[in-house]
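First comes the structure, then the notes that go with it.
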Amino acid sequence: MAWSIVYADPTESILSWSAVGAATTYYLYYGTPAGPPYNQAYGSGIDLGNVLSYDAAQLGLSAGAYHWAVTALVDGEETAWSTDDTFVV
C-alpha cells in the first residue's frame, strides 16, 4: 500500500498525514539522512496511537533537520512506509 504524507512544513516540527482505511494506530520512523534507513528498524516505529498529527518536538531531539515517514497498522498488519519528508526541531 503506497500512501502519502498530507502536510509537513519542513521548517516546523508538526507532522501530519492522511488517514489509512481501517488503521488502528500509526508508527513514526525518523532519521537524519534522507530516506530509509531510519533510526528505527521496520516494525519498531514509535507507536503514536490513532492520531493524524504529531509534534516531533516531543521526541527531545537535538536541533536540526530530520526526515520521517509513518506506517499504519491495518487488520494487524503494518503497512509500507508513507512517502518520506523533512521536519526541523
- Quick one: pull up CH2 in W81 and OH in Y38 and give me the separation to the nearest 0.5 Å.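 W81 CH2 to Y38 OH: 6.5 Å, rounded to 0.5 Å.
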- CG/L48 to CG/L15 distance, rounded to the nearest 0.5 angstrom?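 CG of L15 is found 8.5 Å from CG of L48.
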Go through the structure and list residues passing side-chain hydrogen bond (donor to acceptor under 3.5 Å, both in side chains) with [X], not counting sequence neighbours.
| X | value |
| --- | --- |
| D75 | none |
| T25 | D47 |
| Y66 | none |
| Q40 | none |

- Parallel, tilted or perpendicular: which fits the ring planes of W17 and Y26, with parallel below 30° and perpendicular above 60°?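 The rings of W17 and Y26 sit tilted, inter-plane angle from 30° to 60°.
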- Is a side-chain donor or acceptor of T71 paired with a backbone partner of E78 at a separation under 3.5 angstrom?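 Between the backbone of E78 and the side chain of T71 there is no qualifying donor-acceptor contact (under 3.5 Å).
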- Query: Hey, does the side chain of Y29 reach the backbone of P37 with a donor-acceptor pair shorter than 3.5 angstrom?
  - Reply: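 It does not hold such a pair.
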- Which residues satisfy the ring pair (Phe, Tyr, Trp, His ring centres under 6.0 Å) test with Y27, sequence neighbours excluded?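 Ring pair (Phe, Tyr, Trp, His ring centres under 6.0 Å) check on Y27 returns nothing, list empty.
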- Message: Is the shortest side-chain heavy-atom distance between T86 and W68 below 4.5 Å?
- Response: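 No, side chains not in contact.
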- Non-hydrogen side-chain atoms of V74 and T79 separated by less than 4.5 Å: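 The answer is yes, as the side chains (C-beta and beyond) meet within the 4.5 Å cut-off.
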- Can you check side-chain contact (heavy atoms from CB on, under 4.5 Å) on N50 and T24, steps first, answer last? CA-CA 6 Å; N50 194 6; T24 55; 5.7 Å; no
- Task: Measure across A23 and A72 and return the closest heavy-atom pair with its distance rounded to 0.1 Å.
- Result: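 Heavy atoms only, the tightest pair is CB-CB, 3.9 Å.
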Please set out all donor-acceptor pairs under 3.5 angstrom arising from side-chain atoms of residues 51-62, sequence neighbours excluded.
unit_1: D55; atom_1: OD1; unit_2: S13; atom_2: OG; d: 2.7
unit_1: D55; atom_1: OD1; unit_2: A57; atom_2: N; d: 3.0

